[in-house]
Amino acid sequence: MKFRYAMVCSSNQNRSMEAHSLLKRQGFDVCSYGTGAHVKLPGPSLREPNVYDFGTPYKQMFDDLRRKDQELYKRNGILPMLKRNSTVKLAPQRWQDNAADGCFDIIFTFEEKVFDMVVEDLHNRDHVLMKAVLIINLEVKDNHEEAAVGARLTLDLCQEIEAVESWEESIDDIVATFEKQQWRKLLYSVSFY
């Protein structure tokens, strides 16, 4: 694989991690992040989410939620998700704190609000390398089923991008073909490191 990828959602739990897991299994150079202030997972009610700091290991979250209500968090898919996440990496990471991770060639986001935050963050960084980075938003509902569909669509797009000589020259055609075949609209932008 010739490009380095980042997958970004709000909490680095479901959408970004589903895509990270799939792309990693397919041999891609991939990392994942969240843009939120904290990591939020569903709780016993909408008003009672489970909130963790970025950097809290997935295993620690798993143990905490299993202790709180194993049946609830197993039934709603949170425990299996955290188990999967812990096989991909240690803990959720925050996009805005990732400068030390180096440059990415392609960044995927899964929500327009996250796309805007990533574009703004890149815009505010020092552009010393003048290295182009492509940011693509594929809107994906934050549930387990849609995350799996979104990950497969992301893999398809990554394979299309990998197959061309230069994404800069081919991205308009790749996006147009994808939108026509999948009936999904993509947002994309170019920024620089």
Please report the C-alpha distance between Leu134 and Asp105 in whole Å, then the side-chain angles of each, then the deciding distance to 0.1 Å, and finally whether the side chain to side chain contact (heavy atoms under 4.5 Å, CB included) criterion is met. CA-CA 6 Å; Leu134 173 65; Asp105 299 295; over 6 Å; no
Evaluate Val133 against Cys103 for side chain to side chain contact (heavy atoms under 4.5 Å, CB included), listing each step before the verdict. CA-CA 8 Å; Val133 56; Cys103 298; over 6 Å; no
Stepwise side chain to side chain contact (heavy atoms under 4.5 Å, CB included) check, Leu186 with Phe178: CA-CA 9 Å; Leu186 297 176; Phe178 176 87; 3.4 Å; yes
Run the side chain to side chain contact (heavy atoms under 4.5 Å, CB included) test on Val8 and Phe108 for me, step by step, so that the C-alpha distance in whole Å, both residues' side-chain angles and the decisive distance to 0.1 Å come before the verdict. CA-CA 6 Å; Val8 188; Phe108 277 88; over 6 Å; no
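Distance check, rounded to the nearest 0.5 Å: CG of Leu138 to CZ of Arg15 gives 10.5 Å. Here the straight-line distance linking atom NZ of Lys59 with atom OG1 of Thr56 works out to 14.0 Å at 0.5 Å rounding. Interatomic distance, CG of Asp63 versus OG of Ser86, reported as 9.5 Å (0.5 Å rounding). Here Asp142 contributes atom CG and Ser10 contributes atom OG; the two are 8.0 Å apart, rounded to the nearest 0.5 Å. Interatomic distance, CG of Asn85 versus OG of Ser21, reported as 8.0 Å (0.5 Å rounding).
Residues Phe62 and Leu72 share a single hydrophobic cluster, defined by chaining ILVMFWY side chains whose heavy atoms lie under 4.5 Å apart. In the hydrophobic clustering of this structure, Leu79 groups with Val39; members are Ile, Leu, Val, Met, Phe, Trp, Tyr whose side-chain heavy atoms approach within less than 4.5 Å, directly or through other members. Linking ILVMFWY residues whenever their side-chain heavy atoms come closer than 4.5 Å, directly or via other members, places Ile78 and Met61 in the same cluster. A single hydrophobic cluster is not seen to contain both Trp95 and Val88; linkage of ILVMFWY side chains at heavy-atom distances under 4.5 Å, directly or through other members, places them apart. Hydrophobic clustering of Ile, Leu, Val, Met, Phe, Trp and Tyr side chains at less than 4.5 Å, counting indirect connections, keeps Ile135 apart from Tyr188.
A pairwise comparison of heavy atoms in Cys9 and Ser16 identifies SG-OG, 3.1 Å as the closest pair. Between Phe110 and Ala19, the shortest heavy-atom distance links the atoms CZ-CB, 3.9 Å. Heavy-atom minimum distance, His127 versus Phe192: CD2-O, 2.8 Å. Nearest approach of Phe54 to Thr35, heavy atoms of both residues: CZ-N, 4.4 Å. Shown here for His38 and Asp53, the closest heavy-atom pair between the two residues is ND1-OD1, 3.4 Å. Between Ser191 and Leu122, the shortest heavy-atom contact is OG-CB, 3.4 Å.
Side-chain contact between Met17 and Pro92 is absent, with no heavy-atom pair separated by less than 4.5 Å. No side-chain heavy atom of Tyr52 sits less than 4.5 Å from a side-chain heavy atom of Gln13. Residues Phe115 and Val118 have side chains not in contact (no heavy-atom distance under 4.5 Å, counting atoms from C-beta outward). Contact annotation: the side chain of Met7 approaches that of Leu23 to within less than 4.5 Å [non-hydrogen atoms, C-beta and beyond]. Contact check for Ile106 versus Trp167: side-chain heavy atoms found under the 4.5 Å cut-off. Looking at Val164 and Glu169, their side chains never come closer than 4.5 Å, going by heavy atoms from C-beta outward. Within the 4.5 Å cutoff, side-chain heavy atoms of Met117 are placed close to those of Gln96.
Within 6.0 Å of the NZ atom in Lys2, the count of heavy atoms belonging to other residues, nucleotides or ligands exceeds 12.
For the pair Asn137 (side chain) and Leu187 (backbone), a donor-acceptor distance under 3.5 Å is absent. Put simply, the side chain of Lys89 gets close to the backbone of Ser32: a donor and an acceptor are under 3.5 Å apart. Side-chain N or O atoms of Asn14 include none that pairs as donor or acceptor with a backbone N or O of Ala147 at under 3.5 Å. Without hydrogens or angle criteria, Thr87 side chain to Arg84 main chain gives a donor-acceptor distance under 3.5 Å. Remark: the backbone N or O of Lys185 is not paired with any side-chain donor or acceptor of Glu139 at under 3.5 angstrom. A side-chain donor-acceptor contact under 3.5 Å links His144 to the backbone of Asn76. Side-chain atoms of Lys74 never come within 3.5 Å of backbone atoms of Pro80 as a donor-acceptor pair (strictly under, hydrogens ignored). Distance alone, capped at 3.5 Å, places no donor-acceptor pair between the Asp126 side chain and the Val128 backbone.
Within the structure, side chain to side chain donor-acceptor pair (under 3.5 Å) pairs that include any residue of residues 146-157 comprise Glu146-Arg184 (at least two apart or interchain). Counting only residues at least two apart or on different chains, no salt bridge (charged side-chain N to carboxylate O under 4.0 Å, His left out) pair has a member in residues 34-44. Listed by first then second residue, pairs satisfying salt bridge (charged side-chain N to carboxylate O under 4.0 Å, His left out) with a partner in residues 22-35 read Arg4-Asp29, not counting sequence neighbours.
The residue from Gln60, Arg67, Arg66 that alone fulfils the side-chain hydrogen bond (donor to acceptor under 3.5 Å, both in side chains) condition with Asp64 is Arg67. Of the options Ile174, Thr109, Ile161, a side-chain contact (heavy atoms from CB on, under 4.5 Å) to Ile136 is made by Ile161 and by none of the others.
Here Glu160 pairs with nothing under the salt bridge (charged side-chain N to carboxylate O under 4.0 Å, His left out) rule; sequence neighbours left out. Residues passing the side-chain hydrogen bond (donor to acceptor under 3.5 Å, both in side chains) test with Asn50 are Lys68, Tyr73, sequence neighbours excluded.
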Using distance only, find each side-chain donor-acceptor pair of residues 41-49 under 3.5 Å and give its atom names and separation, not counting sequence neighbours.
from: Ser45; atom 1: OG; to: Arg47; atom 2: N; distance (Å): 3.4
from: Ser45; atom 1: OG; to: Glu48; atom 2: N; distance (Å): 3.4
from: Ser45; atom 1: OG; to: Glu48; atom 2: OE2; distance (Å): 3.0

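A perpendicular orientation is assigned to the rings of Tyr5 and Phe3, their planes being inclined by more than 60° (bins at 30° and 60°). Using bins of under 30°, 30° to 60° and over 60° for the plane-to-plane angle, the ring pair Phe104/Tyr33 lands in the perpendicular bin.
Salt bridge annotation for Asp121-Arg125: present, with a cationic side-chain nitrogen under 4.0 angstrom from a carboxylate oxygen.
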